[in-house]
There are 2 protein chains.
Amino acid sequence: MSSVTIHQVAKAAGVSPSTVSNFLNGRPGRMLPETRARVEEAIRNLGYRPNRAARQLRTGRVQVIGLVVPSVANPFWGSFALHLEGAALAHGFRVLLCNSARDPDRERGYIEELWADGIRGVVLCSSLPSLDHVLPLVDQGLNLVAFDRTAQAGDPPSMVNISVDNMIGSQLATGHLLDLGHRRLAFVSGSLRSINRRSRFRGFREALETADVDPDTAIVWTGAPEDKYGDQYGDLDAAGLGRTAAAELLAADDPPTAVVAINDMCALGVSAGIRDAGLRVGEDVSVVGFDDIVLADLAAPPLTTIRQPLADMAAAAFAHLRDAVEGDGPVTGRSLLIRPELVIRESTGPARPL
Amino acid sequence: MSSVTIHQVAKAAGVSPSTVSNFLNGRPGRMLPETRARVEEAIRNLGYRPNRAARQLRTGRVQVIGLVVPSVANPFWGSFALHLEGAALAHGFRVLLCNSARDPDRERGYIEELWADGIRGVVLCSSLPSLDHVLPLVDQGLNLVAFDRTAQAGDPPSMVNISVDNMIGSQLATGHLLDLGHRRLAFVSGSLRSINRRSRFRGFREALETADVDPDTAIVWTGAPEDKYGDQYGDLDAAGLGRTAAAELLAADDPPTAVVAINDMCALGVSAGIRDAGLRVGEDVSVVGFDDIVLADLAAPPLTTIRQPLADMAAAAFAHLRDAVEGDGPVTGRSLLIRPELVIRESTGPARPL
DNA sequence: CTGAAAGCGCTAACAA
DNA sequence: TTGTTAGCGCTTTCAG
């Protein structure tokens with residue numbers, strides 16, 4: 001149970017703690033080779049591992065960044081986490097992963113924990129319109145990258161936003177459906193109370209207007225009547241949400257011939273719902289997703305979607321945080337807005353009468 | 001950049017640091033209400049957050065457990081992480097998540113980091129046959145729950161294993177196929193060098209024998225010829241692995257009429273590969289998965305699979321760790337071997353000649 | 001080339 | 001009811 005300390009190592013090697021410390025901190029040149037050998041051996045024999053809390057308390061530094069995502073149960077966030085971790089690891093950093101379920105309280109709670117851990121850089125994937133719950137820490141010096149969220153007027157200058165251009169993405173998706181002749185469209189999502197979701201919705205309407213379709217005639221589905229788990233964004237079960245939506249939409253009079261889903265998991269759920277109703281995806285009803293998760297290409301039929309260049313975005317997020325944390329004082333914000341790409345597969349096809 | 005300390009709070013409130021500390025540590029009864037109010041206000045005004053490194057250094061305690069999984073990009077692990085986090089949060093614990101890619105070095109690296117962080121309880125999801133790379137820390141007092149791995153003779157007594165009975169699961173899966181009349185079976189997996197995978201493979205063979213089918217006539221596919229990323233278990237891209245496998249298997253002479261996949265992601269890939277070949281899943285070729293991830297039910301056709309009771313297993317893992325970490329000294333091992341359940345959906349159907 | 005000493009921010013006896 | 005004090009394990013000047 002008890003850990004080995006630097007003193008025990010020092011005694012075992014017949015030297016002082018500071019010599020062991022020098023050895024540990026990249027100054028092995030400051031001692032005779034034989035001393036070094038003794039220290040090395042003592043460390044090995046005792047299985048010594050420096051106590052990070054003590055080290056951190058002394059130096060004030062930590063090579064760790066935090067990552068807060070809505071839910072790793074969504075493979076999109078799982079992949080993003082993996083990419084970010086890869087970038088961090090390559091530079092000797094670790095990443096601490098937290099699931100917020102987009103709950104502002106939980107977000108704040110986790111970020112405060114990270115701050116209390118001495119972590120000064122975090123990637124927040126939330127896109128809640130207000131970041132008020134987190135601003136106090138930003139004021140105190142927390143370096144924040146808001147991922148999947150675009151810059152807002154009230155944002156603190158030190159904050160960096162990295163996101164795909166959601167409006168363009170959504171326009172691409174909707175435009176594709178319109179090009180195929182669809183006129184009766186549905187937009188399926190959980191709560192629209194996050195910035196990127198609103199942008200996607202705006203892109204949807206914009207595209208309709210451009211095609212001279214009255215946006216107000218489109219169907220907008222934003223949540224199940226009873227939301228048992230407070231999962232209003234459908235982050236915990238995006239697929240279930242989509243499936244429910246499809247069931248309701250197709251049971252109604254004048255059902256849509258195509259649906260734009262808020263993300264791929266939701267789109268996969270919508271597809272399942274369409275099949276539940278005895279219809280064929282891509283033939284009877286078209287579906288477009290957003291994200292291009294691995295499973296999009298695996299689905300039957302493979303999902304038409306909007307691709308987010310995850311690896312690049314993760315690398316950019318880490319690079320910024322590293323600069324800010326290693327340097328002193330925050331680097332001023334250069335937000336990134338990346339143009340996404342439409343990937344046409346087989347879940348979309350020409351409109352035909354139901 | 002600089003953090004607020006307990007001294008500054010004390011000065012601002014006109015009290016001593018210990019009073020602030022008492023307030024912080026659930027002993028607010030030990031001071032006059034007015035004193036308490038002053039302290040409370042000072043904390044709020046200054047935005048004070050206790051430094052966890054210092055606190056931990058002093059108390060030696062941390063309410064954190066570690067979780068090491070092969071890859072959160074696999075929704076199975078993502079869900080498990082979520083369940084474990086839920087259980088932990090309910091008891092005031094946090095969980096630190098790490099991706100190992102089943103690389104022993106990375107596993108050891110992370111676990112050593114966790115140890116250095118003062119964390120004394122971790123859930124390791126690895127099922128590598130040897131845990132030698134991790135044993136030194138277990139000897140020093142690390143409480144380890146090996147998830148997805150069954151007890152081995154050489155394991156230290158303090159170690160607890162929690163797993164589904166993989167052999168039974170696999171027998172159930174294979175037996176189901178056999179019952180449907182399939183005789184030409186394939187087993188698709190990445191490297192079989194992990195305990196649970198071997199058990200699943202053994203279950204597969206066992207079931208064949210029971211049905212009087214010579215196991216040696218079955219096809220065993222365990223990896224792509226060139227493994228570019230060292231991803232020998234297919235953890236990073238289980239689906240891609242399955243897809244490749246299906247392509248190769250179906251192009252060969254005398255292709256299988258049914259395949260047992262090592263897990264659901266792999267099974268989803270196999271299904272995609274079957275469609276790539278112009279065949280129908282569940283009609284021309286049957287597929288069984290393992291895990292019952294959310295997507296299994298969403299696939300087209302929905303995937304027949306073996307369900308793991310994830311929530312229960314996560315709760316058990318946490319409960320054990322909590323007992324071990326809170327109490328002093330490790331609780332002696334009570335490994336759990338849970339019987340999994342066959343979930344029949346539509347990716348399996350009666351055998352018919354190709 | 002090596003050691004002594006101070007102190008990072010916090011908690012918990014113990015004193016007052 | 002509140003304050004004083006002594007470290008937790010480590011790093012880092014500064015002396016020897």
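Note on naming: letters A, B, ... go to the chains in the order of the sequence lines (proteins, then strands), and numbering restarts at 1 for each one.
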### Query
Would you call B:Leu336 and B:Ile162 a side-chain contact if the rule is heavy atoms closer than 4.5 Å?
yes
Check nucleotides 2-5 of chain D against the protein and report each pair of N or O atoms closer than 3.5 Å, with its distance, or say if there are none.
from	atom 1	to	atom 2	distance (Å)
D:dT2	OP1	B:Thr35	OG1	2.5
D:dT2	OP2	B:Leu32	N	2.7
D:dT2	OP2	B:Thr35	OG1	3.4
D:dG3	OP2	B:Ser16	N	2.7
D:dG3	OP2	B:Ser16	OG	3.3
D:dG3	OP2	B:Thr19	OG1	3.0
D:dG3	N7	B:Ser18	OG	3.2
D:dT4	O4	B:Ser18	OG	3.1

### Message
Restricting to salt bridge (Lys or Arg N to Asp or Glu O under 4.0 Å), what partner residues turn up for A:Glu112, sequence neighbours left out?
### Response
A:Arg108, B:Arg49
### Message
Listing request: all salt bridge (Lys or Arg N to Asp or Glu O under 4.0 Å) pairs with a residue in residues 150-162 of chain A, at least two apart in sequence or in separate chains.
### Response
A:Arg149-A:Asp155
### Query
With sequence neighbours excluded, what pairs up with A:Tyr110 under the side chain to side chain donor-acceptor pair (under 3.5 Å) test?
B:Glu85
### Task
List the steps and the verdict of side-chain hydrogen bond (donor to acceptor under 3.5 Å, both in side chains) for A:Asn196 and A:Ser194.
CA-CA 6 Å; A:Asn196 66 348; A:Ser194 91; 2.7 Å; yes
### Message
Just to be sure I understand the geometry, which residues of residues 49-60 of chain A put a non-hydrogen atom under 4.0 Å away from DNA chain D?
### Response
A:Pro50, A:Asn51, A:Ala54, A:Arg55, A:Arg58, A:Thr59
### Query
Could you give the distance from CG (B:Asp103) to CG (B:Asp231), rounded to the nearest 0.5 Å?
11.0 Å
### Message
Counting C-beta onward and ignoring hydrogens, is there a side-chain heavy-atom pair between B:Leu89 and A:Arg106 closer than 4.5 Å?
### Response
yes
### Query
What residues, two or more places apart in sequence or in another chain, satisfy side chain to side chain donor-acceptor pair (under 3.5 Å) together with A:Thr35?
none
### Task
Check the distance between D:dG9's P and A:Asn25's CG and give it to me in whole angstrom.
17 Å
### Message
Applying salt bridge (Lys or Arg N to Asp or Glu O under 4.0 Å), can you list everything that pairs with A:Arg58, at least two apart in sequence or on another chain?
### Response
none
Determine all donor-acceptor pairs shorter than 3.5 Å in which one atom belongs to a side chain in residues 62-72 of chain A; sequence neighbours excluded.
from	atom 1	to	atom 2	distance (Å)
A:Ser71	OG	A:Ala73	N	3.0

### Message
At 10 degrees resolution, what angle do the end axes of the helix from C:dC1-D:dG16 to C:dA16-D:dT1 form when each is taken over five base pairs?
### Response
40°
### Message
Expressed as a whole number of angstroms, how long is the span from A:Gln8:CD to D:dC8:P?
### Response
12 Å
### Query
Within this structure, what is the OH-to-C1' distance between A:Tyr48 and D:dT11, rounded to whole angstrom?
10 Å
### Query
Considering residues at least two apart in sequence or located in another chain, which fulfil the salt bridge (Lys or Arg N to Asp or Glu O under 4.0 Å) criterion with B:Arg94?
A:Glu113, A:Asp117
### Query
Looking for any heavy atom pair under 4.0 Å, which part of the strands does A:Ser21 touch: base, sugar-phosphate only, or nothing?
base
### Task
Please identify each residue that fulfils ring-ring contact (aromatic ring centres under 6.0 Å, His included) with B:His91, with sequence neighbours left out.
B:Phe318
### Query
Of all nucleotides in DNA chain C with an atom under 4.0 Å from a non-hydrogen atom of chain B, which is the first and which the last going 5' to 3'?
C:dG9 to C:dA12
#### Entry: Close side-chain approach of B:Val123 to B:Phe80, heavy-atom, < 4.5 Å
yes
